[in-house]
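Structure record follows, encoded as structure tokens.
Computed from a predicted model, the values in this text were never measured in an experiment. Note on naming: letters A, B, ... go to the chains in the order of the sequence lines (proteins, then strands), and numbering restarts at 1 for each one.
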Protein chains: 2
Amino acid sequence: MARKRFDDMPCSIAQTLNLVGDWWTLLIIRDAFFGARRFAEFETRLGIAKNILANRLSQLVENGIMQKVDIGQTGTHYAYELTEKGRDLFPVLTALRQWGDKWVYGEGCAPMDVIERKSGRPLARMVPLGADGTPVALEDLEIRLKEKS
Amino acid sequence: MARKRFDDMPCSIAQTLNLVGDWWTLLIIRDAFFGARRFAEFETRLGIAKNILANRLSQLVENGIMQKVDIGQTGTHYAYELTEKGRDLFPVLTALRQWGDKWVYGEGCAPMDVIERKSGRPLARMVPLGADGTPVALEDLEIRLKEKS
DNA sequence: CTTTATTGGTTTCATAACGCAACTAAAGGA
DNA sequence: TCCTTTAGTTGCGTTATGAAACCAATAAAG
């Protein structure tokens with residue numbers, strides 16, 4: 001049967017994964033953050049098949065995460081760029097990257113650093129903070145589900 | 001042909017997605033955070049097929065993200081629990097959830113809140129911070145790739 | 001003004017993954 | 001002994017993925 005969709009799950013995590021949670025989509029977004037704009041650029045950087053890339057890009061555009069800009073005074077030239085909605089996925093990518101830095105490569109062995117130019121230093125580790133700005137403990141959290149109206 | 005693996009990409013994001021980036025895995029981890037422990041619990045909460053669930057759980061155990069604990073004095077009873085490596089994915093789930101809260105449901109309309117008991121208030125929005133603790137601007141970031149040794 | 005290259009795809013087809021349902025295995029209880 | 005619970009495995013049809021071939025529009029070359 002068809003791949004199961006998570007559309008109907010009343011959960012932001014499921015909904016987000018439904019939009020960006022397949023094999024390639026987050027990597028396309030990653031490369032967009034890292035400067036890729038053109039179809040061929042994504043293709044060669046990722047080593048993704050053209051049909052899959054075309055499909056994913058059109059989904060991303062459809063979902064408002066990227067936009068397709070015609071920069072074609074000269075021939076067929078489009079740029080795919082992140083919208084604000086797309087740029088707002090940066091925390092997700094950062095969390096994924098920091099987890100991999102720590103658990104796949106090990107502290108200090110990551111193949112890539114993201115550096116803040118101002119300070120010349122890498123970003124701080126992202127940690128969920130409470131309303132008062134201090135890190136939260138998992139045990140101190142409570143899930144509260146809203147009633148359906 | 002076989003699904004493409006991201007194993008060979010020298011990138012923490014790709015590596016992390018390689019471990020937890022398929023359709024179901026992050027939802028299994030989410031439910032583990034929310035208290036699910038038993039095979040049947042994951043099955044009914046997620047509506048996932050048994051074979052897929054069995055496959056994903058064994059991958060998660062193999063990758064050290066969950067562990068399978070035999071709690072079976074009486075019959076066949078196992079519990080699947082997150083390891084430290086698994087619990088450390090909490091920032092990833094939080095970032096995904098907060099993005100969905102904002103862009104899928106809209107501020108204040110999320111179907112679920114994660115509340116800190118201490119304060120009774122939801123977690124703060126996760127934002128990548130620079131080394132000095134202030135939020136970073138995307139334009140002020142620089143990617144630095146490490147040479148292969 | 002015809003030919004060739006570039007860009008951004010679409011089509012085709014083999015294979016792998018998914019989803020459902022049925023079946024199995026091991027232990028406990030009636 | 002037979003039934004139930006738990007945790008799977010197996011079989012099979014459907015869908016998605018990946019590679020390669022093909023296509024269309026424009027530009028550049030000759």
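Comparing atom distances between the A:Ala40 side chain and each of C:dG9, C:dG8, D:dA7 picks out C:dG8 as nearest. Set against C:dG9, C:dA26, D:dA25, the side chain of B:Thr76 has C:dA26 as its closest nucleotide. Checked against D:dT17, C:dG9, C:dG19, the side chain of B:Trp24 finds its nearest nucleotide in C:dG19. Closest to the side chain of B:Ile52, from the set C:dC18, D:dG18, C:dG9, is C:dC18.
Rounding to whole angstrom units, CG of residue B:Leu53 and P of D:dT9 are separated by 11 Å. One atom, CD1 of A:Ile48, and another, P of D:dG18, lie 7 Å apart when rounded to the nearest Å. Per the geometry, CG belonging to A:Leu46 stands 15 Å off P belonging to C:dG8, to the nearest Å. Regarding B:Leu27, its CG atom lies at a distance of 12 Å from the P atom of C:dG19, rounded to whole Å. A:Leu57 places its CG atom 10 Å from the P atom of C:dG8, with the value rounded to the nearest Å. Rounded to whole Å, the distance from CG on A:Asp70 to P on C:dT7 is 15 Å. One interatomic measurement links the two molecules: CZ of B:Arg3 to C1' of D:dA16, which rounds to 12 Å at whole-angstrom precision. Rounded to an integer number of Å, the gap from CD1 of B:Ile71 to P of C:dA27 is 16 Å.
The number of heavy-atom neighbours closer than 6.0 Å to CD of B:Glu142, taken from other residues, nucleotides and ligands shown, is above 12.
Between the side chain of B:Lys50 and the base of D:dG8, at least one donor-acceptor pair of N or O atoms lies under 3.5 Å. Side-chain N/O atoms of A:Asn51 and base N/O atoms of D:dG18 include a donor-acceptor pair closer than 3.5 Å.
Between B:Lys4 and C:dA17 there is no side-chain polar atom (N or O) within less than 4.0 angstrom of OP1 or OP2. Applying the 4.0 Å criterion to OP1 and OP2 of D:dT5, one finds that B:Tyr78 has every side-chain N and O outside that range. B:Arg56 has a side-chain polar atom (N or O) that falls below the 4.0 Å cut-off from OP1 or OP2 of C:dC18. Applying the 4.0 Å criterion to OP1 and OP2 of C:dG8, one finds that A:Arg38 has a side-chain N or O inside that range. Phosphate contact (OP1/OP2 of C:dG9, side-chain N/O of A:Tyr80, threshold under 4.0 Å): present.
Taking the six-membered ring for Trp and thresholds of 30 and 60 degrees, B:Trp24 and A:Phe6 have ring planes more than 60 degrees apart, a perpendicular arrangement.
Map B:Phe39 and B:Trp23 each onto its nearest nucleotide of DNA chain D; the residue landing nearer the 5' end is B:Phe39. Of the two residues near DNA chain C, A:Arg5 and A:Glu43, the one whose nearest nucleotide lies more 5' is A:Glu43.
Between B:Glu116 and B:Arg121 there is no salt bridge, since no side-chain N of the basic residue sits under 4.0 Å from a carboxylate O of the acidic one.
B:Gln15 places no side-chain N or O within donor-acceptor distance of the main-chain N or O of B:Pro10, the cut-off being under 3.5 Å.
At the heavy-atom level, B:Phe42 lies nowhere under 4.0 Å from the strands shown.
For B:Tyr78 and B:Phe39, the gap between ring centers reaches or exceeds 6.0 Å.
No path of Ile, Leu, Val, Met, Phe, Trp and Tyr side chains, each step under 4.5 Å between heavy atoms, connects B:Val69 with B:Phe42, placing them in separate hydrophobic clusters.
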